Structure formats: structure tokens, C-alpha cells
There are 2 protein chains.
Amino acid sequence: MSATIRDVAKFCGVSASTVSRVLNGYTDISEETAARVYAAIEKLDFVPNNTARMLSKKNTRLIGLTIPDIKDPFFSENAAGAEKLLQENGYQIFYGNMERSSEKLLSFLQQARQMRFDGLIITPDEWTEELLNTLQRIHIPVVALRRRPPQSSGVPFVDNDHYRGVMEMMTYLSDLGHTKIAHIVLPTGIGEIRREAYRDYCRIRGIEARDVKIDLPANKLDQARENGYRAMQRILADYPDTTAVFAATDQLAIGAMVYLREAGLSVPRDMSVAGANDMEYTSLPWFDLTTLSLNRAEMGRAAAQMLLDIIENRQTHPENLLLGTSIIVRGSTIKK
Amino acid sequence: MSATIRDVAKFCGVSASTVSRVLNGYTDISEETAARVYAAIEKLDFVPNNTARMLSKKNTRLIGLTIPDIKDPFFSENAAGAEKLLQENGYQIFYGNMERSSEKLLSFLQQARQMRFDGLIITPDEWTEELLNTLQRIHIPVVALRRRPPQSSGVPFVDNDHYRGVMEMMTYLSDLGHTKIAHIVLPTGIGEIRREAYRDYCRIRGIEARDVKIDLPANKLDQARENGYRAMQRILADYPDTTAVFAATDQLAIGAMVYLREAGLSVPRDMSVAGANDMEYTSLPWFDLTTLSLNRAEMGRAAAQMLLDIIENRQTHPENLLLGTSIIVRGSTIKK
DNA sequence: GAATTTACCGAAACCGGTTTAGTAAAGGAG
DNA sequence: CTCCTTTACTAAACCGGTTTCGGTAAATTC
């Protein structure tokens, strides 16, 4: 079928090991032989068989990266960040689309084991006992992204510093003069962290905490908006004097804005609205949404860097990393 | 390191070939031996090394799938469609993020060759001579998605029937009573097909063709919107009596709506607007955009099916496939 | 009871690379 | 001239599966 390394060797009268050495850039090869080998490679259209190489070298230079939901552009951006760094280091990313299913994740890990991936970057929706066991058993370096693993698991972790980010956003809203600030809670783990920060902030500043959580499963974009919609409804019912809303994600914020629109209220005149995660389209003039930006590409890059440090033994047990966030101020929030 | 098939063999006193047969479900194995082997596998935590398997079997059951731009949710949806079908058939998808770069595509193909992928589904931004040559040389079955390859290349092709889709959309707008319908052209290959359909429709119906093409490179979402914005501006300048605009993509339509908003015109009262591709967020009440829906998952599935037919020799040279589209009627278009 | 079939399993080659250990020739030092 | 390095290369083992070819023993056929 395809030419092998021995074909190349025979063609230019050297041994297979010599060809291999040429390919791998060893220096104890005369220029002349190297040139002959390259010529033969060209002539025979030889392309080394990577599966064979993976087998004999004991690594694959393959990194598995799970994407919780391929339709959510959030994840694709931090994937892109990771990919860039890994490719610079000669690794290929093998993406796994989880579709929010924990069985898919487990079977991806099984795949990873069979394929002998050199490392994994995962973003599980939840950290089950079974997941932790599987991770233990497959003996592959792993870094967790955006979903904090149990402390005891020893899995290193990269995320944004949501707690601090929320504090900053609340400070920003306070500084605008708002004192009646509601919070729309995201019903996930990250959502709880943000809610906690929100409550802490309220306590410290001595203002009333008005956090509303709608518990509908929010694993689809339109459902997330639906949650924001209902939360806004409840906020207006329970706390009618609210002047600003901080939604835990942009999707929730958009949902809230849909409700405000239906209720005949104008943003930002009647209500300031802020979100988080910086979704692409929220900069459009209809929304012009102030948001907490998470710097997604940087997160992916950081996770990849951490993983490389582990794989290449520069670091056996790295510290968790919480990246800073920044507020993108737009027109949806104004002075009280 | 990890247990091998020979370890398992030794452990339960059989030969490696027997273990292999058990793993591959051969029938000429006594139940008792099979049970012993399974027990040993369990005990030793043996997981077959897929790289070795790929090498000895002559296939990898890996399919390469290129994603032109990971940030664009359009592609991820047809990737998901393809993935589903392929996984059902025991194939894994290896994604390649092209970031709209033709060099990346070429290097992905090189990767594909080295890794001995069993098949490829690609969506190149353009069909260069070099690309066609490379495809020839790597000897991997390939199906093209959404970018029509040159007829002579023999590469089979799956796409929506844009021509017919545009005809249907124009018919829909006509039936609403519009006769002064402008078209915002997408500056790509697909854009040309749509423009052609638009012009043909105008000719047949005897109405004036008002297609406007802004040539700024449109490979980012915000740039696409910028193009729509400027196109709308020109439409209003050149054809002030226009009552409906059909933009070749939703992004262009949104860009147009931004301009209309700034110009103080209301959609749909002053101008009906329609788009294409059914972007997720265009259903929001601010836009409520009528759009030509492309059924993305189905496209991916169809491409995967075609590829499998080629790989498994059911079909050596399949016909190109053009899938139907449908119009999603929303509030941005009304009767004249 | 001999011949043939069938069920079950093993030895060894093979896939296509890499790597180790070692060698012949050339060059340099003493 | 001998000894020691260095340079440039090779033979063969190895990675961990699969596959081919066959062999033995039991079961079946005649």
C-alpha cells in the first residue's frame, strides 16, 4: 500500500534505523546520506505511519479535551485557547463532545485510555464518585476546567475567579448609586459561587440580598433564557423597587430583558441590567449589555500550560489557578 | 506499565491469540475459556492499546472533520449530526479547527495522512489547486460539506439546495405583496449561488434586481454584521423605495437591522427583513427574524452517511446531495 | 474401527515505526 | 605504529496488538 520506512531504506541503500534517525533529526548522520534519504522520501511519497510511531514511542502526543456542549460557543473559545498552546508544543487535541451527558464523559475517558492519550482537560457537569474512580484508573494526567473538582481528588483546576468577579461587578453597580440590586442565580455549581459572593457583598455593604433562583434544568440556551425571564418576573413581583439586576450569565440577562420588554420597562432607564460571560451578540445595540468578561481563551491556554507542566514533569502537583476577570461596561447600566 | 494482552494470556494460561479472539468476539472459543479471560482482564485492569490495534488492523476507525471556525455555532451543529451517525458505526471523529486558514487545512490533511484516518469530511473555504493535489495524494476517502468542489475533482458533496431555498424565500416575500425586494450578498461561493438564484427570480418575475455586495472580508461574525450594516445603508441610498430585504445570512440581516434602527426605521413596519441560516438568537423578540433554515444536523449526518458508504465500499462514486431547506416565518416580514 | 469433520487453541509472523547495542572506518594523540 | 575517540552507520529487538496457518483431541460419519 503506502511506502514504509524500509522501502525508503532499501531505495537509497541504507538501513531503516538510519531513515528513522533522519526523520527524527539526529545529528550523527552525514549530510550526504540525509539528502539521499530526503530525496527517497520525496520520490516514494513516504509519510510516516503515526500509529506505528505512537506504539513504539510510548506517547501519542494526543490530548483529550471535553466540550460539554458543542453548540455553546463559550466552550469552543476556551478550546481554541488550549489548542493553540498545545499545538505549539507538538500535541494534537482530540475533542470529545459530551452533550451534557455523564455517560458520554465516562466513555470518552475509556477511549482516552485505549488511545493512550498523554493528557486530558475535562469540564464535567458534575463530579461523581464514578468519574473520580475512572480518572484514578486510567492513569492519565488530567486538568479540570471550569468545574471545581473535590479537594481530595487532587485534580488540578483552572477557572476564573468568579467570587472576586462578582464582587467587582457589585462594587461597580454600587458605585453607580444602586442599593436595591437583585441577582438572578444560575442553577449550577458556578452559580452557587456567584450567589455566595453576591450575598457576602450584600452583607458587607448592609444591603438586602435579593437573589432569585429558578430551578428549571438550564442545559440549553433557550431554557437558560426562559429561566432569566421567569426570574425577572419574580423579582418585579417580590421586590418592585429594584433598580438594578445582576444576572449570573448573559443568557439569563437576555431572558430578563425579554421580560422587562414585555412588561413595558426600558433598559437602562427603568432598570439597569448586567450579565456575565460576554456572549458575542450581547454587544448589539438592542442589548448593549454590561457584562463580566471571563477571558475564555486565556483559561484554555492556562489549563493547557498546566497540563504540559504535569506531562513533562516540570510540576507534579500544581496549584489551582483562578484567573482574573474584567467588567465590560456598556449601556445597559446607568447611574441611579 | 499497563498490562498487555500477553500478560492476560499468561495470567490465565492461554495464548495471546486466544485473548485477542475473545476480545474480538470470535465464536470458536469455549465459554469457559472466555470467562477465564474476562476475569483476567478485569483482575489485571487490562485495556487494549488502540495504537497497536490500529497498526495491525489496517484501519483506525478515525474520521477527520474540519471545522472552519470553532467560534461559529453553525459548524458545530453539523459536526454534531455527523458525529452521532459515525459513533453509531464505531468511528471516532477527530476534529480539526481551521480558523479560516488554508494552511491549517493542508497541515490537517497531512496529519490525517500520518494518522491514517479512514475518512475525511471537509469544509474548505476555497478549493485551491494545492488542496486538490493534496487530497489526491493522501488516498483517504473524502466528502465535501457546504463548499462545492470543482466538478472535475470527483469529490462528492453535500449541501443545502441554496438555489431552491432562495427561490422559495423570494416567492414567500412576493406572495406577501413585495415587489421591491433588495438582496444583501454574502461575499463567498455560497453567496454567489444565492445571488444567482435571486437574480434569476427577479428576471422570471420581471422585477428589478437590487443586489448589493459589500466586499469587506467577512470571516468574522462582527465583520459580517458590518457588511450587512453598510449594505443596508447603500440599499436605502440607491433604492429608497425598497420594502423588503433578503439578506444572505442572519448575520448580514442583523447588521442591516442595526442600520435600520439607527436610521430610525422600524422592522417590519417600514421594512421587512429576512435572513438565512437560522442563528440561534435571531428568534429573540428584538429581531424575530424570518429566516431560511438549513437543517444543519441533517447535513452532517448525510455527509457522514455518504462517507461511510464509500469507506465500506457500498458506493464508490456517490451522487452529490442537495438537501431541502425550509422557511421559518417570524415577525420581521409582513404584508406590503 | 477407520476416516473425516469439528471445536478449540497455540506458535509465529506481521503491522511500521523506534531504540539499543554494537561495529567499521577515519582521525587524532602519544 | 598503536591506542583511543569520534563519526556514521546497521542488525536486531521491541512496542502490543492481529492474523495466518496449523495442530490436537473429541465428535461424527461411514
Side-chain angles (χ1 to χ4, degrees), chain A residues 1-38 40-41 44-62 90 110-111 113-118 139, chain B residues 1-38 40-41 44-62 90 110-118 138-139:
Chain A
M1 175 87 211
S2 212
T4 74
I5 202 170
R6 284 171 238 265
D7 296 333
V8 175
K10 199 167 298 174
F11 185 87
C12 55
V14 298
S15 75
S17 28
T18 300
V19 177
S20 175
R21 285 161 133 65
V22 171
L23 285 174
N24 290 282
Y26 282 58
T27 51
D28 62 342
I29 298 281
S30 75
E31 302 229 341
E32 191 245 329
T33 343
R36 278 218 326 279
V37 168
Y38 281 124
I41 288 175
L44 299 179
D45 189 26
F46 165 73
V47 177
N49 185 324
N50 208 251
T51 66
R53 183 190 297 230
M54 287 169 174
L55 178 59
S56 54
K57 303 239 202 201
K58 297 302 220 38
N59 61 35
T60 57
R61 300 196 87 82
L62 247 32
Q110 199 56 28
Q111 269 284 325
R113 180 80 202 283
Q114 288 182 208
M115 293 258 246
R116 303 300 197 260
F117 288 172
D118 288 344
H139 301 293
Chain B
M1 178 83 216
S2 213
T4 74
I5 203 170
R6 283 170 236 267
D7 295 334
V8 174
K10 201 167 297 171
F11 186 85
C12 54
V14 298
S15 75
S17 28
T18 300
V19 178
S20 174
R21 281 202 262 271
V22 171
L23 285 174
N24 289 282
Y26 282 57
T27 50
D28 62 342
I29 298 281
S30 75
E31 301 229 340
E32 192 246 326
T33 332
R36 280 220 322 281
V37 168
Y38 282 124
I41 287 174
L44 299 179
D45 190 26
F46 166 72
V47 176
N49 184 324
N50 208 249
T51 65
R53 185 191 297 232
M54 287 169 174
L55 178 58
S56 53
K57 304 236 199 201
K58 299 302 220 39
N59 61 36
T60 56
R61 299 198 87 81
L62 247 33
Q110 199 56 28
Q111 271 283 325
R113 180 78 204 284
Q114 288 182 206
M115 294 258 244
R116 304 301 197 257
F117 289 172
D118 288 345
I138 61 178
H139 302 293

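Convention: sequence-line order gives letters A, B, ...; per-chain numbering from 1. Given the structure is predicted, the values throughout are model-derived calculations rather than measurements.
Nearest-nucleotide positions on DNA chain C place B:Val14 closer to the 5' end than the other of B:Val14 and B:Arg116. DNA chain C is contacted by both A:Ala3 and B:Ala34; B:Ala34 maps to the nucleotide lying nearer its 5′ end (nearest heavy atom per residue).
Taking side-chain N and O atoms only, B:Tyr26 has a distance below 4.0 Å to OP1 or OP2 of D:dT19. The shortest distance between the side-chain N/O atoms of B:Ser56 and the OP1/OP2 oxygens of D:dG17 is not below 4.0 Å. At the phosphate of D:dC15, neither OP1 nor OP2 sits under 4.0 Å from any side-chain N or O atom of B:Thr4. At D:dC9, one or more side-chain N or O atoms of A:Thr33 fall inside 4.0 Å of OP1 or OP2 (strictly under the cut-off).
Without hydrogens or angle criteria, B:Arg6 side chain to B:Ala16 main chain gives no donor-acceptor distance under 3.5 Å.
B:Ser20 comes within 4.0 angstrom of a base, heavy atoms only. Base contact: A:Thr18 has a heavy atom under 4.0 Å from a base atom.
In this structure, A:Asn59 atom CG and D:dC14 atom C1' are separated by 16 Å, rounded to whole Å.
Counting only heavy atoms from C-beta on, A:Leu55 has its side chain closest to D:dG16 among C:dT18, D:dG17, D:dG16. Minimum atom distance to the side chain of A:Asp28 is reached by D:dA8, of the listed C:dT19, D:dA8, C:dG10. Comparing D:dG17, C:dG16, D:dT19 by their nearest atom to the side chain of A:Asn49 picks out C:dG16. Side chain of B:Arg21, nearest nucleotide from C:dT18, D:dC21, D:dT18: D:dC21. Listed candidates were C:dT18, C:dT19, C:dC15. Nearest to the side chain of B:Lys58 is C:dC15. In the set D:dA8, D:dT18, C:dG16, the nucleotide with an atom closest to the side chain of B:Asn24 is D:dT18.
Side-chain atoms of A:Arg6 and base atoms of C:dG17 include a donor and an acceptor less than 3.5 Å apart. The base of C:dA11 sits with one of its N or O atoms less than 3.5 Å from a complementary donor or acceptor on the side chain of B:Ser17.
Under the side-chain contact (heavy atoms from CB on, under 4.5 Å) rule, B:Ile29 has a single partner from B:Val19, B:Val14, B:Thr18, B:Val37, which is B:Thr18.
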